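In what follows, a structure is listed as structure tokens, so that the remarks can point back to it.
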Amino acid sequence: MEQNPQWKYKFSDSLGQQIAYNPHTGCIICEDGTEYSAEENKILRQKEKPTPLAVHIIKKVFKGTIISQ
């Protein structure tokens with residue numbers, strides 16, 4: 001994953017891949033190209049447990065939007 005100095009990078013154990021987080025916008029881009037908006041990120045952070053990989057796969061395959069927990 002090409003790195004932008006304005007973004008934060010880390011490995012997500014729950015997704016099994018590197019993710020990039022833009023602290024200015026709240027958006028996340030995963031190594032596999034899946035993008036999470038600031039609103040989706042906010043919804044997912046409200047959960048106590050990590051997001052299941054199945055949710056990520058469904059979002060990626062169907063290019064969906066997460067609207068609630």
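Every value quoted in this text rests on a predicted model; they were computed, and no experiment measured them.
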Quiz item: When hydrophobic residues are tied together by side-chain contacts of less than 4.5 Å, even through go-betweens, does I43 share a cluster with L15?
Solution: yes
Quiz item: Restricting to pairs with a member in residues 30-43, which pass salt bridge (charged side-chain N to carboxylate O under 4.0 Å, His left out), not counting sequence neighbours?
Solution: D32-K60, E40-K59
Practice problem: Could you pull out the closest heavy-atom pair between N41 and G26, with the gap in Å? | Solution: ND2-O, 3.0 Å
Quiz prompt | Over all atoms of both residues, closest heavy-atom pair of A38 and C27 | solution = N-SG, 4.0 Å
Quiz item: Could you give the distance from OG1 (T34) to CD1 (I58), rounded to the nearest 0.5 Å?
Solution: 12.0 Å
Quiz item: Hey, any chance I29 and F11 share a hydrophobic cluster, counting ILVMFWY side chains that come within less than 4.5 Å of each other, even indirectly?
Solution: no
Quiz item: Considering residues at least two apart in sequence or located in another chain, which fulfil the side-chain hydrogen bond (donor to acceptor under 3.5 Å, both in side chains) criterion with T25?
Solution: none
Quiz item: Any idea which heavy atoms bring A20 and Y9 closest together, and the distance?
Solution: CB-CE2, 3.3 Å
Practice problem: Output the rest of the hydrophobic cluster of I67: all Ile, Leu, Val, Met, Phe, Trp and Tyr residues reachable through side-chain heavy-atom contacts under 4.5 Å, sorted by chain and number. | Solution: none
Quiz item: Mind checking what makes side-chain hydrogen bond (donor to acceptor under 3.5 Å, both in side chains) contact with Q6, not counting sequence neighbours?
Solution: none
Quiz prompt | Pair listing, ring-ring contact (aromatic ring centres under 6.0 Å, His included) test, anchored in residues 12-55, at least two apart | solution = Y36-H56
Quiz item: When rounded to the nearest 0.5 angstrom, what distance separates CD1 in I19 from OG in S14?
Solution: 7.5 Å
Quiz prompt | CZ (F62) with more than 12 external heavy atoms under 6.0 Å | solution = no
